[in-house]
Undergrad: 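Pasting in a structure now, in structure tokens, and then I'll have a few things to ask.
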There are 2 protein chains.
Amino acid sequence: MTDRLSTTLAALADPTRRAILARLALGQTSVMDLAAPFDMSLPAVSKHLKVLEHAGLIARGRDAQWRPCRLHAAPLKEVADWIEHYRRFWEQSLDRLESYLHELQAKPKKPGRKK
Amino acid sequence: MTDRLSTTLAALADPTRRAILARLALGQTSVMDLAAPFDMSLPAVSKHLKVLEHAGLIARGRDAQWRPCRLHAAPLKEVADWIEHYRRFWEQSLDRLESYLHELQAKPKKPGRKK
């Protein structure tokens, strides 16, 4: 059994699925309209939608004729909360890089090599 | 070829690999010490480390005897930046839930059913 966070991350680990979420961020839409910008068959798009639906990242309408998809962002909050624990690490790295660059700029050029 | 963000997300989509990152957040350590808390063989842990290394999430020392692993958080920043675009969606949902709960509390209880 896969834990929920792993299921979410695996669902997001595909550029087409992230593009689908980006489209749904603009508003709910039909599977047909979702498929249009992708050079993919409807079954291929449906497969991606199933992965997203299983991860709880999208919800689908109940209307049999027009089952609009819409974004469901709650699992994304869990990813954001998890990743927040690591923020200080990348901020530290950026700080270190910045002070290194300042140091480089501040240093006068060496006249020659010392041995 | 897989894009970088997909590679990072796929590497994170495993609870053991996330536990390894959590351990490395405490400081660099050897593969042996990393493996200790997990009920896993060294080769199994090494396989996870390779996935993390390929995704640029860890770096390994060059010392042949003791190749310490350390966390490399830059790819996590990319995930955080990507997910930030969706923050308003989960915040909206929480706001809606909150106002719905306020509404429920404010409403006087109905005396009976109307048809």
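FYI, side chains are in, hydrogens and waters are out, and symmetry mates aren't considered; it's all heavy atoms of this structure.
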Undergrad: Identify the residues of residues 35-54 of chain A whose heavy atoms come closer than 4.5 Å to a heavy atom of chain B, ordered by number, or report 'none'.
TA: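 From residues 35-54 of chain A, none sit under 4.5 Å of chain B.
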Undergrad: Output the option from Ala13(A), Ala73(A), Ala80(A) having the highest count of non-hydrogen pairs under 4.5 Å with chain B.
TA: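 The candidate making the most pairs under 4.5 Å is Ala13(A).
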Undergrad: Quick check for you: among Leu5(B), Thr8(B), Val79(B), which has the greatest number of heavy-atom pairs under 4.5 Å with chain A?
TA: Leu5(B)
Undergrad: Please round to the nearest 0.5 Å and tell me the distance separating atom CD1 of Ile83(B) and atom CH2 of Trp82(A).
TA: 10.5 Å
Undergrad: Quick check on the structure: residues of residues 15-34 of chain A within a heavy-atom distance below 4.5 Å of chain B, by number.
TA: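 Pro15(A), Arg18(A), Leu21(A), Ala22(A), Ala25(A), listed by number.
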Undergrad: If I measure from the heavy atoms of chain B, does Leu12(A) come under 4.5 Å with its side chain, its backbone, both, or neither?
TA: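 When you check distances to chain B, atoms from both the backbone and side chain of Leu12(A) fall under 4.5 Å.
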Undergrad: Drop me the distance from His72(A)'s NE2 to Trp90(B)'s CH2, to the nearest 0.5 angstrom.
TA: 12.5 Å
Undergrad: Does any heavy atom of chain B fall under 4.5 Å from the side chain of Leu76(A), the backbone, both, or neither of them?
TA: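 Contact with chain B involves both backbone and side-chain atoms of Leu76(A).
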